[in-house]
Peer 1: 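I have a structure here, written as structure tokens, and I will follow up with some questions on it.
The figures here come from the full heavy-atom set of this structure, side chains too, leaving out hydrogens, waters and symmetry mates. Note that ligands are numbered from 1 as they come in the structure, with each ligand's atoms numbered from 1 the same way.
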Amino acid sequence: MRRVALVTGVTGQDGAYLSKLLLEKDYTVYGLVRRSTRYALANLDYLGVTSDLDLIEGDLGDEASLINVVRRTHPNEVYNLAAQSFVGSSWDQPILTTDVDAMGTLRLLEAVRHFAPQARFYQASTSEMFGNSHENGLQTEETPFHPRSPYAIAKLYAYWIVNNYRDSYGMFCVNGILFNHESPIRGPEFVTRKISRSVAQIKLGLSQRLGLGNLHSRRDWGFAGDYVEAMRLMLQQDAPENFIISTGETHSVRDFVQAAFEHVGIPDWEARVYIDPAFRRPAELFCLQGSSRKAREKLGWQPRVRFRELVAMMVDADLQRLRQGAA
Ligand code: NAP
Ligand code: GDD
């Protein structure tokens, strides 16, 4: 029997990579898409999987649609990746962010509890929940959470309600606490893609300068294609457990900028970059560096793509897009 997966957030970065992986593993994949006059299928098209998926309309804001989707699809595995995922916007749209990221998770859990209680449930939790909390510079599964954005607070509610449904109802629910992961289809508002696209534009003479909120934030950046493998592995375990997924290395925004400019052969990059206060956040996370030891030991997972390779992959993809005339 083919396994059936329901993926929310299928049009996003991770949804596209996860769908590709599940299709390669011979799953039937249903992808939840929001009703729209123009469906956002660019990421699925980029990975060449759009026609192999069953897209089905629904919204994390609408319980009735989630019930319909779960009843129609009979999933064995549910991956809840949908979210308002941009931390910066969560100060501008805190109520929407909370409704989708926190309440949306609860709505989906309820639909699964009533109509597919045997389904295994993956929740896209995040290193943002740690805030500036760390133990000797690292975050582990035991590090106390101290969220510093409306996004992180909403995600922390989702984290706990997922744990609670596991404890209360014996459902197979897990939280993947993923650190930042990037790719050529990363949303252009996130810093890595903003840099890769801008550096490609500067290289081709289409732009002159790059404005960033700061250069000192440090993140543990991995490759999305590696991280979706861990999501699936978490749902194949004998017992439901939460796992951190990270590279264990941290780099600054400055490191990313420098690596991107070096990759295209522009050594005098500092003159091309300026600080734009419009991109500063009301509260900042200074450094994320996750220990994925538990995942490496129990899931047998490890990241394959290293930092410089990731930077090169993203810049090359943007160069190629721009040369083909994409915006
Ligand atoms: P993304 O590219 O921003 O994708 C978000 C997805 O959620 C899109 O498909 C979007 O649909 C969908 N969505 C938003 N609101 C929705 C709603 N009300 N109902 C249904 N779908 C909705 O995010 P990502 O980078 O792939 O991340 C996937 C998940 O992992 C998110 O939950 C994110 O918070 C979490 N996460 C990401 C990272 C990371 O570094 N990427 C790290 C930790 C956790 P549209 O295309 O229609 O907008
Ligand atoms: N976006 C952006 N734009 N970020 C900038 C800029 C800029 O111009 N300049 C500096 N930064 C800094 C941000 O302030 C932050 O400290 C860091 O670069 C990374 O920002 P983002 O790429 O927007 O990602 P994020 O870390 O806030 O959130 C991402 O990772 C989380 C996991 O830790 C998102 O994918 C979240 O959904 C995810 O949960």
Peer 1: Tell me which one of Leu60, Asp59, Leu81 gets a heavy atom nearest to atom 29 (C) of ligand 1.
Peer 2: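 Looking at heavy atoms only, Leu81 sits closest to atom 29 (C) of ligand 1.
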
Peer 1: Looking only at heavy atoms of Phe286, does any of them come nearer than 4.0 Å to an atom of ligand 2?
Peer 2: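 Under 4.0 Å: no for Phe286.
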
Peer 1: Under 4.0 Å between a side-chain nitrogen and a carboxylate oxygen: does that hold for Glu284 and Arg219?
Peer 2: yes

Peer 1: Show the atoms of ligand 2 that are less than 4.0 angstrom away from any heavy atom in Val253.
Peer 2: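 Counting from 1, the qualifying ligand atoms are 18 (O).
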
Peer 1: Quick one: are Glu182 and Val311 in side-chain contact, heavy atoms under 4.5 Å?
Peer 2: no

Peer 1: Is the ring pair Phe256/Trp221 parallel, tilted or perpendicular, if the boundaries are 30 and 60 degrees?
Peer 2: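 Geometry flag for Trp221 against Phe256: perpendicular rings.
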
Peer 1: With a cutoff of under 4.5 Å between side-chain heavy atoms, which Ile, Leu, Val, Met, Phe, Trp and Tyr residues group with Tyr151?
Peer 2: Val87, Trp91

Peer 1: Using a plain distance cutoff, I'd like to know if Gly213 has any nitrogen or oxygen under 3.5 Å from a nitrogen or oxygen of ligand 2.
Peer 2: yes

Peer 1: Using a strict cut-off of 4.0 Å, indicate which atoms of ligand 2 neighbour a heavy atom of Phe86.
Peer 2: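 Those qualifying, in numeric order: 1 (N), 23 (O).
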
Peer 1: Mind checking whether Lys194 contacts ligand 2 via backbone (N, CA, C, O), side chain (CB onward), both or neither, at a 4.0 Å heavy-atom cut-off?
Peer 2: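 Lys194 to ligand 2: side-chain contact only, backbone stays beyond 4.0 Å.
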
Peer 1: Are any of the N/O atoms in Asn180 less than 3.5 Å from those in ligand 2?
Peer 2: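 Yes: some nitrogen or oxygen of Asn180 is under 3.5 Å from one in ligand 2.
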
Peer 1: Where the closest heavy atom to atom 34 (O) of ligand 1 is concerned, which of Tyr151, Tyr79, Tyr227, Phe179 has it?
Peer 2: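 It is Tyr151 that holds the nearest heavy atom.
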
Peer 1: Between Val87 and ligand 2, which residue portion shows a heavy-atom distance shorter than 4.0 Å: side chain, backbone, both, or neither?
Peer 2: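 Within the 4.0 Å criterion, Val87 contacts ligand 2 through side-chain atoms alone.
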
Peer 1: Between the candidates Ser217, Ser127, Gly290, which shows the shortest non-hydrogen contact distance to atom 33 (O) of ligand 2?
Peer 2: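 The nearest heavy atom belongs to Ser127.
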
Peer 1: Output, in order, the C-alpha distance, side-chain angles, deciding distance and verdict of salt bridge (Lys or Arg N to Asp or Glu O under 4.0 Å) for Asp26 and Arg2.
Peer 2: CA-CA 7 Å; Asp26 207 30; Arg2 289 185 93 187; 3.2 Å; yes

Peer 1: Go through ligand 1 atom by atom and flag the ones less than 4.0 Å from a non-hydrogen atom of Thr126.
Peer 2: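 Those qualifying, in numeric order: 43 (C), 44 (C).
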
Peer 1: Using a strict cut-off of 4.0 Å, indicate which atoms of ligand 1 neighbour a heavy atom of Arg186.
Peer 2: 25 (O), 39 (C), 40 (O), 41 (N)

Peer 1: Using a 4.0 Å cut-off to any heavy atom of Ala40, which atoms of ligand 1 qualify?
Peer 2: 46 (O)

Peer 1: N/O of Thr126 under 3.5 Å from N/O of ligand 2, yes or no?
Peer 2: yes

Peer 1: Quick check: does Glu182 get an N/O under 3.5 Å from an N/O on ligand 1?
Peer 2: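 No, no N or O pair falls under 3.5 Å.
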
Peer 1: Just going by heavy-atom distances, which of Ala42, Gly12, Ser85 is nearest to atom 23 (O) of ligand 1?
Peer 2: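 Looking at heavy atoms only, Ser85 sits closest to atom 23 (O) of ligand 1.
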
Peer 1: Flag the pair Val174 / Val162 as yes when at least one side-chain heavy-atom distance between them is below 4.5 Å, and no otherwise.
Peer 2: no

Peer 1: Between Asn175 and Gln123, does a side chain to side chain donor-acceptor pair (under 3.5 Å) hold up when you go through it step by step?
Peer 2: CA-CA 5 Å; Asn175 284 289; Gln123 169 60 18; 5.3 Å; no

Peer 1: Are any of the side-chain nitrogens in Arg148 or Glu128 under 4.0 Å away from the carboxylate oxygens of its partner?
Peer 2: no

Peer 1: Classify the contact between Ser125 and ligand 1 as side chain, backbone, both or neither, using a heavy-atom distance cut-off of under 4.0 Å.
Peer 2: backbone

Peer 1: Under 6.0 Å between ring centres, would you say that holds for Phe172 and Phe121?
Peer 2: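 Between Phe121 and Phe172, which both carry aromatic rings, the centre distance is not below 6.0 Å.
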
Peer 1: Are the side chains of Pro240 and Cys173 in touch, meaning some heavy atoms are under 4.5 Å apart?
Peer 2: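 Side chain of Pro240 against side chain of Cys173, heavy atoms only: no contact under 4.5 Å found.
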
Peer 1: Nearest to atom 5 (C) of ligand 2 by heavy atom, Leu215, Val191, Asp14: which?
Peer 2: Val191

Peer 1: Starting from Phe179 and following side-chain heavy-atom contacts under 4.5 Å between hydrophobic residues (I, L, V, M, F, W, Y), which residues can be reached?
Peer 2: Met129, Phe130, Phe145, Leu156, Tyr159, Trp160, Ile177, Ile244, Leu285, Leu288

Peer 1: Determine yes or no for a side-chain-to-main-chain donor-acceptor pair under 3.5 angstrom, with Asp101 supplying the side chain and Ala154 the backbone.
Peer 2: no

Peer 1: Which protein non-hydrogen atom lies closest to atom 21 (N) of ligand 1, naming both residue and atom, and how far is it?
Peer 2: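 Among all protein heavy atoms, the one nearest atom 21 (N) of ligand 1 is Ala82 CB, 3.4 Å.
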
Peer 1: Considering distance alone, does some N or O of Val100 sit under 3.5 Å from an N or O of ligand 1?
Peer 2: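 Among all N and O atoms of Val100, none is under 3.5 Å from an N or O of ligand 1.
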
Peer 1: For ligand 2, does Phe279 get within less than 4.0 Å through its side chain, its backbone, both, or neither, judged by non-hydrogen atoms?
Peer 2: side chain

Peer 1: For atom 37 (O) of ligand 2, grab the closest protein heavy atom and report residue, atom and distance to one decimal in Å.
Peer 2: Ser85 O, 2.6 Å

Peer 1: Nearest heavy atom to atom 5 (C) of ligand 1 wins, so pick from Gly9, Gly15, Ala83.
Peer 2: Ala83

Peer 1: I'd like the name of whichever of Ile185, Asp220, Leu178, Asp14 reaches closest to atom 43 (C) of ligand 1 through any heavy atom.
Peer 2: Leu178

Peer 1: Has ligand 1 got any nitrogen or oxygen that is less than 3.5 angstrom from a nitrogen or oxygen of Asn80?
Peer 2: no

Peer 1: For the residue pair Asp92 and Ser89, confirm or rule out a side-chain donor-acceptor distance under 3.5 Å.
Peer 2: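 Asp92 vs Ser89: no donor-acceptor pair found between side chains.
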
Peer 1: Just to confirm my output: which protein heavy-atom neighbour is closest to atom 2 (O) of ligand 1, and how far is it?
Peer 2: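 Heavy-atom neighbour on the protein nearest atom 2 (O) of ligand 1: Gln13 N, 3.0 Å.
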
Peer 1: Select the closest option to atom 20 (O) of ligand 2 among Arg281, Glu182, Arg219, judged by heavy-atom distance.
Peer 2: Arg281

Peer 1: Taking it one step at a time, do Phe307 and Phe223 satisfy ring pair (Phe, Tyr, Trp, His ring centres under 6.0 Å)?
Peer 2: CA-CA 9 Å; Phe307 177 73; Phe223 171 52; over 10 Å; no

Peer 1: Please determine, by modelled atom types, if Asp220 and His251 share a side-chain donor-acceptor pair under 3.5 angstrom.
Peer 2: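 Absent: no donor and acceptor within the cut-off.
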
Peer 1: Ala124 heavy atoms, cut-off 4.0 Å: which ligand 1 atoms fall inside?
Peer 2: 29 (C), 30 (O), 32 (O), 35 (C)

Peer 1: Check whether more than 12 heavy atoms from other residues, nucleotides or ligands sit under 6.0 Å from atom CD of Gln302, and answer yes or no.
Peer 2: no

Peer 1: Could you check atom 11 (O) of ligand 1 against the protein and tell me its nearest heavy-atom contact, residue, atom and distance included?
Peer 2: Thr11 OG1, 3.3 Å

Peer 1: Show me which atoms of ligand 2 lie under 4.0 Å from any heavy atom of Arg186.
Peer 2: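 Numbered from 1, ligand 2 contributes 29 (C), 34 (C), 35 (O).
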
Peer 1: Near Glu284, which atoms of ligand 2 are under 4.0 Å from a heavy atom of that residue?
Peer 2: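 So the atoms of ligand 2 that pass are 13 (C), 14 (O), 15 (C), 16 (O).
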
Peer 1: Would you mind listing which atoms of ligand 2 come within a distance below 4.0 Å of any non-hydrogen atom of Leu288?
Peer 2: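 Near Leu288, meaning under 4.0 Å from one of its heavy atoms, ligand 2 has 33 (O).
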
Peer 1: Identify, for atom 40 (O) of ligand 1, the protein heavy atom at the shortest distance, and state residue, atom and that distance.
Peer 2: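 Result for atom 40 (O) of ligand 1: His181 N, 2.9 Å.
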
Peer 1: Below 4.0 Å, non-hydrogen atoms only: which portion of Arg34 touches ligand 1? Side chain, backbone, both or neither.
Peer 2: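 Side chain only; the backbone of Arg34 stays clear of ligand 1.
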
Peer 1: Using only heavy-atom distances, determine whether the side chains of Arg166 and Asn242 contain a donor-acceptor pair under 3.5 Å.
Peer 2: yes

Peer 1: Show which atoms of ligand 1 fall inside a sub-4.0 Å distance from at least one heavy-atom site of Asn180.
Peer 2: 40 (O)

Peer 1: Between Asp45 and Thr50, does any side-chain donor sit less than 3.5 Å from a side-chain acceptor?
Peer 2: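 A donor-acceptor contact under 3.5 Å links the two side chains.
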
